[in-house]
Undergrad: 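Input: one structure, supplied below.
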Amino acid sequence: MLACGGPHAAEAGSAALDFELSDGRAFVRLADLPKRVTVVNFWRSDCPPCVREMPLLADTARQGKSQVVAIALQRPYETANAPGGVLAALQAPVQLLHGPSEPRGLLARFGNPAGALPYTVVLDAQRHPCARQTGEVTADWLNAAIHRCTRT
Amino acid sequence: MERTITSYNSRFAIGRGFRAPTSFFEQDHGILDTTRIVRNIKEGGNHRTTLSYALSYAEDRLAFVGSLNYNRIKNMALLDSGASDPVSGLPITLFTSAQKPVTVVGGDFTVTYKLTPQLETTAAVEHFKYRFSEMGTLAFARPETRAYLRLDYEAGPWTGMLRGTWTGPMDLDKFYGTDRYNFDGTRKLSKSPSYWLVDLRGEYRLNKQWSTFLGIDNVFDFKQSDKESTLWVDGTGSFDVTNIWGPNRGRFIYGGVKFTL
């Protein structure tokens, strides 16, 4: 569950990814977000590595390196009850969305059919995946992935 | 055996189970019709064979799952209250096994759709066929068809649920036999009527640990006793309260406070 490969160029032939998920007030489509490098992170409150990597993702978003979308695979009230550090990290500019009650299809579409968490996908400006990580991300991996995706 | 292709998941399962029944509720609670119980059960206990197939689809707003199931139970334990002691001729209760297998074949389909970010709806239907040779094998009547409609709402500290359950007619003669009468001599129903039950519940989250809730089960207060009593008497004058096909309890209002660590 916690292994993974490093960043690589946009996968040849891969289709642009999309989703339509709730931010609590409206449905947000990935295709409608600004066209720039996007870090999509899947997480749950009861996943310790998910919680540990939140501050890093928040810093990445605040520094403007990429836009960050955090997709909570749990009910909104579970997110509201998340540890304080998580809630502090999930403020703008991080975009917090909630996944469907059955997230299997969404995870499989983003390259994680096993459903392991945490799971992070970095997309280029055209929404093609160019890096994936199953398990907790590190600053080095994230910076390298964003840099690589920016060049594609 | 399971395969996943992006949004679809296909699963086929085969199972075999064994169960050794030791007693019945009536036996443990001293409410047998007779003063003595004789155990005459087949060695090896219940054998159960199960086959099932499920196909599911899950996307961002829409998900559905359908399944087909086959269950076959050999040597199902049952109580026979109409037996007699071969020596004394006195009535006894026999704790025995069904001579022929019980088969239950069923299918169900459930679809869920997120209408708005706050509102999700679910609709489901299930249908079963029961095959057994000895009366009383399954104790109580079972519905052949059920349907469910549900709305779930969540916004901020509020959550709400509204659920409607439709139960289709049951073949009461099949499960209970035809020798059933009301105390005025009229025959009990051969087939139960269909009916709806509606439940609703609301919850308000005060903070991370405390929440308060209020709910109403069976909002329209439907009870079987409004249509037919559970009491029945047979041709010999013996009676029981087991002619059950609907809810015993009417409208039920509940509320409380919940604390989460």
Side-chain angles (χ1 to χ4, degrees), chain A residues 11 13-33 40 42 45-46 69 71-88 95-116 121 127 129, chain B residues 2-11 54-67 109-124 148 150-161 201-213 258-261:
Chain A
E11 292 155 18
S14 59
L17 292 175
D18 200 1
F19 58 59
E20 186 178 15
L21 302 175
S22 165
D23 69 355
R25 293 180 307 277
F27 288 111
V28 174
R29 290 190 60 215
L30 180 59
D32 294 337
L33 294 179
V40 180
F42 297 89
S45 298
D46 56 5
V69 177
I71 299 176
L73 299 181
Q74 60 194 15
R75 298 270 301 277
Y77 82 87
E78 293 174 287
T79 302
N81 288 347
V86 173
L87 295 178
Q95 170 104 58
L96 171 62
L97 302 176
H98 281 89
S101 47
E102 177 46 75
R104 189 170 6 97
L106 173 66
L107 285 167
R109 206 162 74 238
F110 275 74
N112 182 10
V121 182
R127 293 181 283 117
Chain B
E2 184 174 353
R3 284 181 60 89
T4 299
I5 300 177
T6 326
S7 303
Y8 285 93
N9 183 277
S10 171
R11 177 176 295 172
L55 178 68
S56 63
Y57 171 87
E59 272 296 354
D60 298 350
R61 292 175 66 175
L62 172 71
F64 64 74
V65 58
S67 74
F109 184 76
T110 303
V111 60
T112 301
Y113 186 70
K114 206 166 183 67
L115 293 164
T116 72
Q118 299 85 16
L119 197 61
E120 184 172 271
T121 183
T122 302
Y148 307 84
R150 182 178 168 129
L151 282 175
D152 288 281
Y153 174 84
E154 184 168 1
W158 291 99
T159 56
M161 183 277 297
R201 176 189 163 103
E203 184 167 322
Y204 180 79
R205 197 178 63 252
L206 298 161
N207 54 43
K208 277 191 179 183
Q209 289 170 305
W210 293 94
S211 63
T212 180
F213 58 91
K258 189 166 71 177
F259 174 75
T260 307
L261 285 170

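Side-chain atoms are counted along with the backbone in the values below, which use heavy atoms only and exclude waters and symmetry mates. Per chain, numbering begins at 1; letters A, B, ... match sequence-line order. None of the values given here were measured: they were computed from a predicted structure.
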Undergrad: Specify the closest pair of heavy atoms between Gly99(A) and Ile71(A), including all atoms of both residues, with the distance to one decimal.
TA: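 Looking at all heavy atoms of both residues, the closest pair is N-CG2, 3.9 Å.
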Undergrad: Any idea which of Ala58(B), Ser211(B), Pro117(B), Pro157(B) has the most non-hydrogen atom pairs under 4.5 angstrom with chain A?
TA: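 Top count of heavy-atom pairs under 4.5 Å with chain A: Pro117(B).
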Undergrad: Could you look at Thr260(B) and say if it's the side chain, the backbone, both or neither that has a heavy atom under 4.5 Å from chain A?
TA: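 When you check distances to chain A, no heavy atom of Thr260(B) falls under 4.5 Å.
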Undergrad: Which pair of non-hydrogen atoms, one from Asp18(A) and one from Asp60(B), has the smallest distance, and what is that distance?
TA: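 Nearest pair, atom of Asp18(A) first, then Asp60(B): O-OD2, 4.4 Å.
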Undergrad: Tell me if a side-chain donor or acceptor on Gln118(B) pairs with a main-chain N or O of Gly24(A) at a distance below 3.5 Å.
TA: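 Yes: the side chain of Gln118(B) pairs with the backbone of Gly24(A).
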Undergrad: Looking at Pro103(A), Gly105(A), Ser101(A), which has the largest count of heavy-atom pairs under 4.5 Å with chain B?
TA: Gly105(A)
Undergrad: Does any heavy atom of chain A fall under 4.5 Å from the side chain of Glu120(B), the backbone, both, or neither of them?
TA: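 For Glu120(B), the contact with chain A is made by the side chain alone.
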Undergrad: For the residue pair Arg104(A) / Ser56(B), report whether a side-chain donor-acceptor contact shorter than 3.5 Å exists.
TA: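 Present: a donor and an acceptor within the cut-off.
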Undergrad: Heavy-atom distance under 4.5 Å to chain A: side chain of Glu59(B), backbone, both or neither?
TA: both
Undergrad: Check whether the side chains of Thr112(B) and Glu102(A) place a donor and an acceptor atom closer than 3.5 Å, and report yes or no.
TA: no
